[in-house]
Amino acid sequence: HRDRKLILHIIKFENRRQILVTHDITESERIDMMRRDFIANASHELRTPLTVINGFLEINAMQPDLDSKIRAGHIKLMTEQGQRMQGLVEDMLTLTRLESVDFPVRPERVNMTQLLESVVSEMHGLSVGKHELIFINEGPDVMGSFDELRSAFGNLVSNAVRYTPVGGTITISWTNSDAGPKFMVKDSGIGISSEHISRLTERFYRVDKSRSRETQGTGLGLAIVKHVALRHKAQLTIESTSGVGSAFSIQFPMPVSIA
Ligand code: ADP
């Protein structure tokens with residue numbers, strides 16, 4: 001293969017020098033593999049809700065006199081599955097756009113107070129009465145994309161809500177230090193054991209698939225967060241202890257700060 005990376009090891013065997021040739025997969029092969037995985041995963045994720053919807057449609061087509069309460073139940077389930085598919089397709093489109101080199105961030109001054117308040121008010125809607133919420137807003141405005149940062153912060157907050165049992169505490173903070181501004185979401189939720197942490201930002205990687213689906217997860221949230229951070233030259237850090245809680249933070253570089 002033209003651009004296959006060759007690795008030559010010179011080894012000594014029975015006092016004769018020999019050359020052992022191995023190869024590494026090339027970048028293009030790796031990208032190809034990732035693309036295939038993505039298509040396989042995405043098709044699988046879409047197939048499950050589609051099967052549910054088609055099943056109920058079939059029942060209703062075959063039984064036109066179905067009890068109206070039962071029919072209403074079917075419609076509710078089909079609506080939920082339809083929403084799940086829509087969320088998935090939207091997250092896939094977002095990821096594709098974020099990964100595209102043709103669409104770099106067009107930096108604008110991001111009003112952080114407005115952004116954080118919209119994230120926090122959405123969170124109130126999701127978790128009202130279930131969690132104690134602490135909100136700290138001490139950081140400056142930054143240059144970046146309002147929509148992308150809104151989506152990244154929103155994903156982290158919605159994860160904290162979804163993976164923290166009732167009665168837990170969630171702290172959202174926007175602070176500043178010599179290193180630059182930092183966004184952090186800390187929860188007292190289920191936590192993540194260490195062997196999973198390095199893989200969490202892979203598309204469709206989930207620690208517990210059924211819990212993720214039950215709570216409307218697409219498995220793409222952290223992949224989106226990682227790309228938004230990269231596009232803003234910021235650093236995503238994940239700290240977590242299983243059964244204790246997690247902290248996800250995005251550290252922005254100093255020059256981004258304009259306040
Ligand atoms: P999902 O839609 O499944 O939540 P994400 O990409 O947002 O997808 O997250 C990937 C996985 O990381 C989740 O399925 C979950 O297992 C784990 N995870 C993310 N955030 C948290 C959190 N705050 N606490 C515990 N586990 C989390």
Side-chain angles (χ1 to χ4, degrees), residues 34 37-38 40-49 80-99 119-120 122-127 130-135 148-173 182-231 234-250:
M34 277 172 59
D37 272 1
F38 182 63
N41 282 324
S43 314
H44 181 78
E45 294 292 331
L46 286 169
R47 188 167 60 182
T48 316
E80 279 167 17
Q81 297 302 318
Q83 281 165 349
R84 186 169 142 198
M85 283 169 65
Q86 181 160 3
L88 195 65
V89 170
E90 267 161 25
D91 276 359
M92 289 197 292
L93 288 171
T94 303
L95 250 188
T96 309
R97 211 180 46 243
L98 291 175
E99 284 183 330
V119 169
V120 169
E122 185 183 298
M123 178 185 160
H124 266 298
L126 295 171
S127 94
K130 295 187 195 143
H131 306 109
E132 187 193 347
L133 170 66
I134 300 166
F135 175 40
E148 288 184 21
L149 294 176
R150 169 77 186 71
S151 154
F153 293 5
N155 267 306
L156 292 181
V157 169
S158 110
N159 280 353
V161 172
R162 290 165 45 235
Y163 299 105
T164 302
V166 175
T169 304
I170 297 171
T171 307
I172 300 174
S173 61
K182 180 159 94 172
F183 178 76
M184 174 140 95
V185 183
K186 205 169 168 197
D187 66 56
S188 64
I190 61 173
I192 305 151
S193 52
S194 55
E195 72 267 25
H196 295 290
I197 292 183
S198 64
R199 300 199 57 192
L200 292 182
T201 58
E202 288 174 24
R203 302 141 155 195
F204 297 116
Y205 189 85
R206 290 141 156 161
V207 176
D208 176 350
K209 275 199 191 305
S210 59
R211 182 172 184 127
S212 159
R213 291 214 184 90
E214 261 166 42
T215 58
Q216 310 284 323
T218 63
L220 295 175
L222 289 179
I224 291 176
V225 173
K226 180 184 92 177
H227 276 94
V228 171
L230 264 175
R231 285 162 66 84
Q235 174 81 39
L236 170 68
T237 304
I238 306 173
E239 288 161 288
S240 189
T241 309
S242 187
V244 176
S246 313
F248 288 76
S249 57
I250 303 179

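Each ligand, and each atom within it, is numbered from 1 in the order the structure gives. Keep in mind that the numbers below use all heavy atoms, side chains included, and drop hydrogens, waters and symmetry copies.
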contact_flag R162 ligand 1 heavy-atom lt 4.0 Å: yes

Shortest protein contact, atom 16 (O) of ligand 1 (heavy atom only): V207 N, 3.1 Å

Heavy-atom nearest neighbour of atom 26 (N) of ligand 1 within options T201, N155, I192: I192

Whether F183 and F153 hold their rings parallel, tilted or perpendicular, with breakpoints at 30° and 60°: parallel

Residue, atom name and distance, where the atom is the protein heavy atom closest to atom 12 (O) of ligand 1: L200 CD2, 3.4 Å

Proximity of D187 to ligand 1 by residue part, where a heavy atom lies under 4.0 Å: side chain

Selection from Y163, F204, Y205 by shortest heavy-atom distance to atom 4 (O) of ligand 1: Y163

salt_bridge(E122, R150) N-O dist < 4.0 Å: yes

Which segment of K209 sits under 4.0 Å of ligand 1 when only heavy atoms are counted: neither

Shortest heavy-atom approach to atom 2 (O) of ligand 1 - which of G219, G221, G189: G219

Where ligand 1 meets T218 - atom numbers and elements under 4.0 angstrom, heavy-atom basis: 2 (O)

E202 atom CD: more than 12 heavy-atom contacts under 6.0 Å: yes

Non-hydrogen side-chain atoms of R162 and S212 separated by less than 4.5 Å: yes

More than 12 heavy atoms of other groups within 6.0 Å of Q86 CD: no

Criterion side-chain contact (heavy atoms from CB on, under 4.5 Å) against L236, the qualifying member of V225, L230, V228: V225

Close side-chain approach of F248 to T237, heavy-atom, < 4.5 Å: no

Which residue and heavy atom of the protein sit nearest atom 7 (O) of ligand 1, plus the separation: N159 ND2, 2.9 Å

Sub-3.5 Å N/O-N/O distance, L222 and ligand 1: yes

Close side-chain approach of M123 and V161, heavy atoms under 4.5 Å: yes

Contacting atoms of ligand 1, where contact means under 4.0 angstrom from a heavy atom of S212: 1 (P), 2 (O), 3 (O), 14 (O)

